[in-house]
Amino acid sequence: MTRTNLMLCASLAAFGFAASAANADKLTLYCSAEEEWCQAMARGFEDATGIDVNMTRKSSGETFAQLRAEASNPKGDIWWGGTGDPHLQAAEAGLSQEYISPMRDQLHPWAIAQAESAGNRTIGIYSGALGYGYNNDLLAANNLPEPACWKDLLKPEYKGHVQMANPNSSGTAYTTLASMVQLFGEDEGFEFMKGLHANINQYTKSGSAPIKAAGRGETTIGIVFMHDAVAQAVAGFPVTVVAPCEGTGYEIGSMSIIEGARNLEEAQKFYDWALTAEAQNLSLEVNSFQVMSNVNAQASDKAPDMSKINLIDYDFVKYGSSDERKRLLQKWDEEVSVLPQ
Amino acid sequence: MRDAASTKTTHPVLTFWVLAGWVGFCLLPWYGVEDGFFGFSWLLEGYPLDEDFAPAAFLLAQGEKLWLAPLALPLLAPLAVLRLRKSEPAYATVLMLSGAVGFSYLVAQGFGIGIRGFTFDWLTALFGDFDDRQYGMGYGALLVASAFLFLLTQGIAARGAINGDVFVVSAIGGVIVVVATFVFFPIAKMLLAAFVTEEGSYSMAVFASKFFSNRLWGLGCFQGARCGVAWNSLILAILVGVITTALGLVFALVVTRSGFRYKRALRALTVLPIITPPFVIGLALILLFGLSGSVTVFVADVFGIQPSRWLYGLPGVLIAQVLAFTPIAFLVLIGVVEGVSPSMEEAAQTLRANKWQVFVTVSLPLMRPGLANAFLLGFIESMADFGNPLVLGGNFNVLSTEIFFAIVGAQYDQGRAAVLAMVLLAFTLSAFYAQRAWLGKKSYTTVTGKGDAGVHPLMPKRLSIPVLSIAALWGGFTVVIYVMIFYGSLVELWGVNDTLTFKHYVTAFAVRLEEGGIRWIGSAWDSFWTTIYIAAAAAPLTAIVGLVTAYLLTRQTFAGKNAFEFGTMLSFAIPGTVIGVSYILAFNVPPIEITGTGIILVVSFIFRNMPVGVRAGIASMSQLDKSLDESSLTLGANSWQTFRRVILPLLKPAILAALVYSFVRAMTAISAVIFLVSAEYDMATSYIIGRVENNDYGLAIAYSTTLIFVMLAAIGLLQLLVGRTQIGRRTQFTSGS
């Protein structure tokens, strides 16, 4: 019996340990960038300040859903990374709070514009242009021409070769939808999505999954943000990155302090720290090729050169709003997703 | 002895619970402390006056939360009967009344007043607007609630229920309350969510529109489009159930009825998939049979077949699930196939039936309970499986993944998740009842007390050849998959760069030595330790709850025992996804507010895995003769002492089974966990899912491989700790009966 007792004690102790929380300064970070980058940010902040960071990585859509679920009783402090739209929606819904960082004078104008369009409830931390990537080996094996424009993807020979995320679950895919609507006009944009639908082999749940599948050779073409495609190429996968000839939309990865944050002071410290050039240079260590918002941050030579990409004038306020988003997604659901493939 | 007890006028147990109630009311923080259940910083931060940490009595003294005041009354009442004899009617009446009234009032105020004042509109209508609010209950409330519950059960015992046995009545009361709180309440809450409109009112139309949706029941797959998720899930589950049962039977026959020599190796092979974290098998399949998988490329090169994405969808999910769940069917069937008495088969042979006839008309029908159970398990596991459809599903959506994306996806539709969960629950419960109906009331007993010498006949030739070849093929396939998994954790980038490396293990589990100790810098450490703690905490609790329940079911008779048994077994038929959703809905708001804590994970594991503890306990306990209990009771022990000193030590195999199962499950479960993890309590499986989504197969597989070895070690350790029961039960104890 003593052994049983011993075991009971041990397990109770384990239980106690599991449920106890550190009493030191802490910060609960919701992170919507790539896992490695999230880890680097969390550990980097711990090293810089000694504040314990509890980090959960979830896609921006999932995090936004979680913020809404926890609205009456927020559990997170700060939300870092992920495409800007859900951050704007969160600001619109009052789920994030206003903060003006002393670091602002070091930022690119687009980062501050993002903040101003949301009443200073969010701020830009990086930006990246939409595009696609293809697997060189598979393209050659299937004797397919090299695509260079959005409309190339509609050609029948690419049937079953294109992958993109589901706009209902992924911010990347919603940016694609909104970009097409802005690039071609709403009617033609939806015609484009319908044509694309015929060639799609799978709508993935997560935004960067298509280019990962392409890297691994599980699909030929993946529609993603170009920096994600670059990351796959750098990781050693046979991927070529395409900046579509018609021009393209882009995202502004953002950061927001959650309304009702339990560790507000720590959240603000993180906010300021995350806007410094040192913190933003961490992106290079984890192979993230976005353009960072601090003007002094280093740029990777592998990153897509934003000045050479034909960027549309993306209307973040309109297409980031909940109503417009809901309308477009519903239209996509009803008119595109139900078509036979 | 009992008579003597009832004339005593000191009641240590009663005194204890009355005291506990007062401690909970006057000394412990009434509401949940934000730092977690085991964080004690509140002792230094303004306790006992600060509103966040104040005990109920201090709150009342400051004029706060006045609705708690009536609770003092049922706490006072038992003081009056402390000096009465148990046999006096007033003793029982006062205890029952104060327990029942106190408990109901506590529950009612908890549900009635939430974060935004009154929770129900009719309360506002009745009492007007209410500008105070309360958060989730904490230590104080928990202790007071337990005190009320056990006052009530002592009152009932004093009335003479179950021979006035306080331990048994309290155990029944305790199990009923925890099962009601952690199984029935969340399920009910989830079912209700299906009827809630966006504005928060209830409506049948909302339910109907979600339930009869084309996405759920559409039959488009007959016209080239896609079928509804309900059909997808059903078809998949039936296929998986049938195939795993057939394969399980094949392996069971190989082990029991063939000259096969390497039975131990086969046993080991069947344990592996059970301790394999989700996704791993799916990943290995992609790396073998995906568009650029090794086998696909090889076949394309040799036979010139155009590679395709056939794996993504029903075929891939089916193969992965069959690989994962066949061992479960095997474990169910091996007992049954062994249990078929050879004497029956011999009798048939004596009556000049040939081997084939014996097998088809005697052996197979006697295996029906095993076949039905194996099918049911395969069916339910497939319905609840989350990892494989996520990795391999492609555009083939099933209920479990749809539920997940209804909750966490950008559409965030709890109502839809609830409707989907209801459909899922309906399927599994129907399967449960279909199984019972099929088995009917026939007797399948072949193991009797009589001597049962004899050996099982070998399989007939026309059966043994296909059986052995299928077993060899599938066994070989499983081995290949596991070799691939291990290899995959050791290569740089599978398929692109096959250099051998320990890189993935280093990324996940690196440590750095600093002054002041080790710093765990590997990215997997956080989730790894959390998983170990949670699994270590859940396993013994699961075993305790399960064995106490089993004790009550086998050793005691009481009114409503059947309903009690159904309630404790219900969570077995409920898929993990449904548990996850319902826990989120039920425990994210007061009175029980435990989402985002480690406790919710532990609790979900306890009630997911409890039925196994119950079953193992029942099986072992029915082997122990009742005269053991009786002699212990005659010698003056009470039923608690009997349970602890006589029955428990004889239950080591059951304890071990419950411990191992719940530990392993806590480490490999994903379907419920994925909803319940939080920043602070991230579990290994949800970390792995993140890596998989990030294309980091190497790390995911390395982590999973590590977990497999950790589980093997843990199982060994548990075996050592619990020890083996070396008591020859039959020779020493029951020879006299």
Side-chain angles (χ1 to χ4, degrees), chain A residues 1 3-4 7-8 10-11 14-21 23 28-30 34-36 39 43 54-58 61-62 64-66 68-70 72-73 75-76 86 138 160 168-170 174 201-203 205-206 208-209 212 215-219 232 235-238 262 329 338 340, chain B residues 34-39 41 115-116 223-225 286 290-292 309 312 390 394-395 405 407-412 492-493 495-497 521 523 530 532-534 536-537 539-541 584 588-589 593 596-599 602 648-649 677-682 690-691 693-696 721-723:
Chain A
M1 281 318 291
R3 250 191 312 200
T4 320
M7 198 164 57
L8 268 179
S11 68
F15 187 57
F17 199 94
S20 74
N23 293 331
T28 302
L29 166 66
Y30 289 165
E34 302 284 289
E35 173 81 25
E36 273 177 18
Q39 289 282 357
R43 300 298 153 253
N54 285 309
M55 189 272 292
T56 326
R57 200 213 82 88
K58 282 184 174 170
E62 289 171 34
F64 180 50
Q66 188 174 359
R68 264 194 297 195
E70 294 174 353
S72 56
N73 197 3
K75 306 240 160 80
L138 280 179
N168 282 311
S169 67
S170 147
Y174 174 73
N201 58 36
Q202 183 187 344
Y203 288 107
K205 306 292 183 191
S206 121
S208 58
K212 289 164 182 162
R216 214 160 265 293
E218 298 301 312
T219 181
Q232 294 303 308
F237 290 110
R262 298 182 185 198
L329 285 178
V338 291
Chain B
E34 210 182 88
D35 275 344
F37 197 78
F38 291 89
S41 59
I115 308 182
R116 298 193 175 146
Q223 291 114 37
I286 291 184
L291 189 61
S292 299
R309 286 171 51 88
Y312 296 91
L390 193 73
N395 290 320
F405 288 107
I407 287 272
V408 301
Q411 70 234 40
Y412 191 67
E492 188 84 18
L493 198 59
V496 179
N497 180 353
I521 48 172
S523 62
T530 311
I532 298 274
Y533 296 140
I534 300 271
L541 292 170
I584 291 255
N588 196 33
V589 286
E593 194 191 327
T597 65
I599 296 173
V602 174
L648 214 51
V677 292
S678 51
E680 221 166 315
Y681 300 101
D682 199 8
R691 305 312 308 170
E693 284 191 342
N694 269 300
N695 222 20
D696 209 341
L721 273 172
V722 176

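Chain naming here is simple, since letters A, B, ... match the order of the sequence lines and numbering starts at 1 in each.
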* Contacting region of B:Ile286 [heavy-atom separation from chain A under 4.5 Å] -> both
* Asked: At a heavy-atom separation under 4.5 Å, does A:Gln39 approach chain B through its side chain, its backbone, both, or neither?
  -> side chain
* Structure fact -> One should read off an interatomic distance between B:Asp682 CG and A:Met55 CE, to the nearest 0.5 angstrom, of 8.5 Å
* **Heavy-atom closest pair, residues B:Ser292 and A:Glu218** => N-OE2, 3.3 Å
* Asked: Do the side chain of A:Gln202 and the main chain of B:Asn395 share a donor and acceptor less than 3.5 angstrom apart?
  -> no
